[in-house]
Amino acid sequence: MIVGIDLGTTNSLCAVFQDGQPVIIPSSHGRSLTPSIVGVLDSGELLVGDAARDLRVTRPQHVASRFKRLMGTQETVSLHSKQLNAAELSSLVLKSLKQDAEAYLGEDVTDAVITVPAYFNELQRRATKLAGELAGLRVNRIINEPTAAALAYGFHDRDAEKNLLVIDLGGGTFDVTMMEVFEGTLEIIASAGESTLGGEDFTDRLLGHVLQTMQMHLESAEIRLPLMVSRLRDECERAKRQLGNVEQIDIRIPEDDGHFAESPRTVSITTALFSEIVQPLLERVRRPIARVLRDAGLSPDQVEDVILVGGATRMPVLKTCVREIFDQEPLCTHNPDEVVALGAAIQAALLSNDEAVQDIVMTDVCPFTLGVEITKHIGGHDVEGFFLPIIHRNTTLPVSAEEIVSTVRANQREVVIRVYQGEHRKIEGNLSLGELRVTGIPPAPAGVPIRIRFTYDLNGLLEVEALVDSTGRKFSTVLTNHAQHLSKKEIEDAVSKLQDLKFYPRDEVENQQLLRFSERVLGEISPQERQAFEEIIDSFEIAMASGDPSYFQQVRAFLLERLSELGFPHDSGEGSAE
Ligand code: AMP
C-alpha cells in the first residue's frame, strides 16, 4: 500500500486511495491534520502533533516546529539535549503519520509519495527523501505540492479543457503552478515560487508590529521573554484568521510570564492596518504569479480557474490580492488543507496502476534552471563565476540535456564542475548544489572539450555526468559535501540515534494532549479561576499515573466538564487548533 503524504511546515496529512477515491487518514486524535511539531516531555518521551502544539505555548523550549524551513541545511534544533536536523525531526512526524495510517488501514505501510513545495531545491528534496527513509518508508516519488493539488482538481474535472492556476500558500512556502487539462492529460506548463514565504510570515509581521507598539523587537523579545512571545504569537495567529471577516480585533498582551492578567492590555488592529502591515509580503506573492504567467505565455484573462491551496489562502487579504490580478473569484471547492495530500494519494494510485486512474496522464516540469559555473574571456582576461544553464526552468520532466565546456589552460589535468541552481547570470546569485571532479585529462592545449550531461528525473532529483571525449572516461555524481548524501551505514546510524527517542505510547497520547491543552488554558483564564483549575489538572495528572481506570475516567470527565464551563471545550477544534 502506498500512502500519499503532505509534509507541511505547520501541518502534515496522510491520504490513501481506496475504492476509486482518495481519502484522508485521520490522526490518533481523529483529526485530518497533524501539526508538524515535535515535543519532548521531561521523561524524554516524544509527542508529535496536537499534544506537542499545546506544549509549545506553555514550554516553547521543549518543542521544535517549523523545521521544514531548515530542510536541506545543516542547521540543527536542540531538543531535550539532542541536536536534531530538519530531516530527523520530519522523520518523527512521518513516523507518527505512518503509525496512524497503519492503525487505520490495519496493515503495514512501507511506501509513500511525499509532496514538497515546487520551489524546493535539490538539497531540500533529498532531505525530504531521507526523512522518509529515516521513518522507515520507501519514498516512491517526491512530487510538487501544487502539482498534487492540480492532480486532485484535475481528477475530479478530467473531461475539462482549461488552464488552471494553482496558488499554494502554506505555513512556510509559496508556490504557483500553471497547468493545462485536456482530455485526461494534466500538463504542468510552468511553476514558480519562494521557499521561504508563507502564512507564518503574516503572523510574524503582525507579531512584530504589536511588539513594536511595546518598543520591543521580535528577536530579542523571543530570547528574553519566550513565554510571553509564544502566547502573543498565538493571539496574533488567531487575529490573523479573523481579520478581514471582522473589521477590527483587539489583541490581548500577555504578562511577561505568558499569563493573561484579568484585564489585559490590548492592541487594536483593523483590517486596513493589517493589509498595510503585510503589503511587502503581498508584493512577494505577486511576483511569482507574474512570472508563471510570463513563462506560460498567458495573460490573466486566459486562466479559466484559479485554485487556492494551503491554509494561508484563507486570509481575505490574500483572496483580495488574487481577485485584483485575475478579475475573478478564486476556487476553493476542495478543502485547501487537504487537497495536496489527496493529490499525493492519486499519484500513489498512478504508481500502483490503479484502474480508477488509468485514463489520467500527468506531466510535470523542473521549476528552476540548473547549470554549471564557467569562465568567460572578457577584455583579455579569464573571468570566473558565470553561470551556464543546462536545463532551463519549466522544461518538462524527465529531461536529459547536454552542454560542452572546455579546459581554459594548457595542460589542465583536472576540471571541477560546480553545479548551481538559479536564474542569475553569475553563480554568486545562485544556489550551490555540489561539484564533480573530472581528473586524468591528458596534457593538451586549452580547449579540451568536456561533455556535461544533466538528467533530472520525475522525483526532481538531479544526476550529473561528465565525459572527456579524448579519453572516453566518464564521471558522475552523487553530489558530495552535504549531509543529505549519507552512506547506508550513516543512515543506519541516524536511524539508531532516532530509535533512542521513544514516542509517548500511542494509546495514551490523547490524555497527554488533554493535559497539555489544559495547561495551555490555564494561562488564558482569570487568576480567580486559576487555582481551582490547577488543582483539577494536578488531579488529572495523578489519575493518569494511578492505573485505576474508573477513578481516571471520573477525573477526566470532570476536567472536560470544567473546560467547557470555562469556555474552552476540548474537542471543538477551535480551542486547540491554531
Ligand atoms: P499549511 O502549511 O497548508 O497547513 O498552512 C498553514 C498556514 O495556514 C498557517 O500559517 C496558518 O496560520 C494558515 N491558516 C490556516 N487557517 C487559516 C485561516 N482560517 N485564516 C488565515 N490563515 C490560516
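Every number for a ligand or one of its atoms is a count from 1 in the order of the listing. Positions are given from 1, in the same order as the sequence printed here. Reckoned from all heavy atoms, side chains included, excluding hydrogens, waters and symmetry mates.
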**Request:** Answer yes or no: are there more than 12 heavy-atom neighbours, outside Asp257 itself, under 6.0 Å from its atom CG?
**Result:** yes

**Message:** If you measure every N or O of Gly310 against every N or O of ligand 1, does any of those distances drop under 3.5 Å?
**Reply:** no

**Request:** Have a look at Lys68, Glu338, Arg241 and point out the one with the heavy atom closest to atom 20 (N) of ligand 1.
**Result:** Arg241

**Request:** May I ask you to list the atoms of ligand 1 that are less than 4.0 angstrom from any heavy atom of Met315?
**Result:** 21 (C), 22 (N)

**Message:** Looking only at the side chains, is there a donor atom on one of Asn85 and Thr76 sitting less than 3.5 Å from an acceptor on the other?
**Reply:** no

**Prompt:** For atom 14 (N) of ligand 1, which of Gly171, Pro336, Gly311 has the closest heavy atom?
**Reply:** Gly311

**Message:** Taking 4.0 angstrom as the limit and counting only heavy atoms of Lys240, give me the atoms of ligand 1 inside it, by number and element.
**Reply:** 10 (O), 11 (C), 12 (O), 13 (C), 22 (N)

**Prompt:** Going by the angle between their ring planes, with limits at 30° and 60°, are His334 and His156 parallel, tilted or perpendicular?
**Reply:** tilted

**Item:** Contacting atoms of ligand 1, where contact means under 4.0 angstrom from a heavy atom of Glu237
**Value:** 11 (C), 12 (O)

**Atom indices of ligand 1 within 4.0 angstrom of Glu200 heavy atoms, with elements** = 9 (C), 10 (O), 12 (O)

**Fill in**
Asn11 heavy atoms within 4.0 Å reach ligand 1 at atoms 4 (O)

**Asked** Mind checking whether Thr203 has a heavy atom under 4.0 Å from ligand 1?
**Response** no

**Asked** Under 3.5 Å, is there a donor-acceptor pair between the Gln513 and Asp54 side chains?
**Response** yes

**Asked** Based purely on interatomic distance, does Leu169 place a nitrogen or oxygen under 3.5 Å from a nitrogen or oxygen of ligand 1?
**Response** no

**Distance-only donor-acceptor check, side chains Thr270 and Gln248, under 3.5 Å** = no

**Request:** Let me see the working for Asp204 and Arg233 under salt bridge (charged side-chain N to carboxylate O under 4.0 Å, His left out), right down to the final yes or no.
**Result:** CA-CA 8 Å; Asp204 278 357; Arg233 175 175 275 122; 3.0 Å; yes

**Prompt:** Between Asp111 and Lys98, is there a salt bridge with N-O shorter than 4.0 Å?
**Reply:** no

**Request:** Indicate whether any N or O donor in one side chain lies under 3.5 Å from an N or O acceptor in the other, for Ser191 and Thr177.
**Result:** yes

**Item:** Short N or O distance, Asp337 and ligand 1, threshold 3.5 Å exclusive
**Value:** no

**Message:** I want to know if ligand 1 touches Thr9 in the polar sense, i.e. an N/O pair below 3.5 angstrom.
**Reply:** no

**Request:** Flag Gly8 as yes when one of its N or O atoms lies below 3.5 Å from any N or O atom of ligand 1, and as no otherwise.
**Result:** no

